[in-house]
Amino acid sequence: MNPEQWTDVDTYICDLLVPSDPVLDDALADSATAGLPAISVTPAQGKLLALLVQLCSARTILEVGTLGGYSTIWLARAMLAQGRAAGGRLVTLESDPRHAEVARANLARAGLSDVVDVRLGAALDTLPELAAEGVGPFDLSFIDADKANNAAYFNWALRLSRPGSVIVVDNVVRGGTVTDADSTDPATSGTRRLIEVMAAEPRVDATVIQTVGTKGYDGFALAVVNHQEGGHTPVS
Ligand code: SAH
Ligand code: DHB
Ligand code: MG
């Protein structure tokens with residue numbers, strides 16, 4: 001375990017494959033100035049999100065947990081890179097009004113205000129609203145908010161999906177604490193519940209990939225909604 005080396009390798013990777021971009025750099029800088037926590041996805045992870053959008057040709061994207069909109073910009077840009085004329089919509093859910101305000105400014109500077117809908121409110125309130133409005137299905141969902149509610153967010157993302165949809169969940173390894181069955185940390189127990197729900201859910205195929213880098217030791221879950229019999233009936 002050598003976090004310094006993880007950072008060096010991340011820097012090496014990004015120098016070659018993830019060129020710095022003024023809009024993304026400014027989004028991080030203004031988020032920091034506004035006092036937002038430095039917990040956005042890393043540039044290499046943002047690029048991975050963009051590649052996943054391309055891989056599944058996502059035209060509709062759901063994000064749970066906006067912060068300053070850094071991951072949102074990665075996702076929305078990749079969505080639009082597939083052809084602006086074909087349309088595309090990203091809905092991102094954020095409970096903190098200050099975070100939403102910073103995100104809206106960052107998205108405006110990125111020229112993305114017309115395709116990104118930043119919805120203010122606790123995601124467990126705004127997700128049922130989306131369902132009631134008939135928004136979706138989403139081709140890709142990125143879950144990255146409070147970890148205690150991860151299982152519920154996953155169930156909502158599944159409900160708002162279609163066969164072939166992709167669901168990504170950030171921060172599911174948490175320095176390895178995910179294996180601590182006796183953890184009293186709600187983020188850890190919430191993440192364990194998420195993985196158990198994924199495992200028991202016949203409508204998805206899923207895995208977890210451990211990662212190291214500038215944000216330390218963590219990982220993400222990746223699920224694809226399959227074509228199982230029984231359709232995609234609501235789950236609570
Ligand atoms: N996806 C962002 C980082 C998100 S950090 C990026 O990579 O750039 C997690 C965000 O989830 C924070 O902004 C936090 O305010 C928000 N959040 C926490 N609890 C929430 C809830 N119940 N509903 C919606 N958002 C929530
Ligand atoms: C935290 C949240 C995140 O989404 C993340 O990627 C890293 C840390 C946190 O709440 O500490
Ligand atoms: Mg995260």
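Counting starts at 1 for both ligands and their atoms, following the listed order.
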- atom 4 (C) of ligand 1: which protein heavy atom is closest, and how many Å away? D144 O, 3.3 Å
- Query: Between A131 and L160, what is the shortest heavy-atom contact and its length?
  - Reply: CA-CD2, 3.9 Å
- Could you list which atoms of ligand 1 come closer than 4.0 Å to a heavy atom of G121? 23 (N), 24 (C)
- Residue pair A123 / Y153: nearest heavy atoms and the distance that separates them: CB-CE2, 3.5 Å
- Task: Could you tell me whether D170 and K147 make a salt bridge, using a distance below 4.0 angstrom between a side-chain N and a carboxylate O?
- Result: no
- Message: Would you say the Mg ion (ligand 3) has N171 as a near neighbour, meaning an N/O/S atom of that residue under 2.8 Å away?
- Response: yes
- Nearest heavy-atom pair of N150 and G190: which atoms, and what distance? CB-O, 4.0 Å
- Note on the structure: re atom 6 (C) of ligand 1, the protein heavy-atom contact at minimum distance is S71 OG, 3.0 Å
- Query: Which heavy atom of D114 sits nearest a heavy atom of R89, and at what distance?
  - Reply: O-NH1, 2.7 Å
- Message: Suppose I only count heavy atoms of L67 and a 4.0 Å limit; which atoms of ligand 1 are within that range?
- Response: 2 (C), 3 (C), 4 (C), 5 (S), 13 (O)
- Heavy-atom side-chain contact between S183 and T177 under 4.5 Å: no
- Which protein heavy atom lies closest to atom 9 (C) of ligand 2, and at what distance to 0.1 Å? I39 CD1, 4.0 Å
- Item | side-chain contact (heavy atoms from CB on, under 4.5 Å) between L48 and F220, intermediate numbers included | CA-CA 11 Å; L48 174 65; F220 62 91; 3.6 Å; yes
- Task: State, with a plain yes or no, whether a side-chain heavy atom of V53 is found less than 4.5 Å away from one of Q82.
- Result: yes
- For ligand 1, find out whether one of its N or O atoms is nearer than 3.5 Å to an N or O atom of G65. yes
- To the nearest 10 degrees, could you say what angle the Mg ion (ligand 3) makes with OD1 of D144 and OD2 of D170? 100°
- Task: Specify the protein heavy atom at minimum distance from atom 3 (C) of ligand 2: its residue, its atom name, and the distance to 0.1 Å.
- Result: N171 OD1, 3.2 Å
- Item | Minimum-distance protein heavy atom relative to atom 6 (O) of ligand 2 | K215 NZ, 2.5 Å
- Query: Considering only heavy atoms, does N149 approach ligand 1 within less than 4.0 Å through its side chain, its backbone, both, or neither?
  - Reply: neither
- Item | Close side-chain approach of I209 and L222, heavy atoms under 4.5 Å | no
- Query: How far is atom 24 (C) of ligand 1 from its nearest protein heavy atom, and which residue and atom is that?
  - Reply: S95 N, 3.4 Å
- Message: I need the atoms of ligand 1 closer than 4.0 Å to a non-hydrogen atom of A122, numbered in the order shown.
- Response: 23 (N)
- atom 5 (S) of ligand 1: closest protein heavy atom, distance to 0.1 Å, is I39 CD1, 3.6 Å
- Query: Would you say Y153 contacts ligand 1, with heavy atoms under 4.0 Å as the rule?
  - Reply: yes
- Task: Quick one: look at D218 and ligand 2, take heavy-atom pairs under 4.0 Å, and tell me if it's side chain, backbone, both or neither.
- Result: neither
- Query: Can you find a pair of side-chain heavy atoms, one from I167 and one from V225, that are under 4.5 Å apart?
  - Reply: yes
- Query: Any side-chain heavy atom of V135 within less than 4.5 Å of one from T60?
  - Reply: no
- Message: So if I count the atoms of ligand 2 from 1 in the order they appear, which ones are less than 4.0 Å from some heavy atom of D170?
- Response: 6 (O)
- Task: Check V41 against Y70 and note the closest heavy-atom contact, atom names and distance.
- Result: O-CE2, 3.2 Å
- Note on the structure: Closest to atom 12 (C) of ligand 1 by heavy-atom distance, out of R119, K215, Q45, E94, is E94
- Query: Hey, which atoms in ligand 2 end up nearer than 4.0 Å to a heavy atom of D144?
  - Reply: 3 (C), 4 (O)
- Have a look at R119 and tell me which of E63, E133, E94 forms a salt bridge (charged side-chain N to carboxylate O under 4.0 Å, His left out) with it. E133
- Item | Minimum side-chain heavy-atom gap N171-T191 below 4.5 Å | no
- Any idea which protein heavy atom is nearest atom 19 (N) of ligand 1, and the distance to it? D146 OD1, 3.3 Å
- Looking at atom 7 (O) of ligand 1, what's its closest protein heavy atom, distance included? V41 N, 2.9 Å
- Message: Counting non-hydrogen protein atoms only, what is the nearest one to atom 23 (N) of ligand 1? Give residue, atom name and distance.
- Response: A123 N, 2.9 Å
- Item | G68 touching ligand 1 at heavy-atom level, < 4.0 angstrom | no
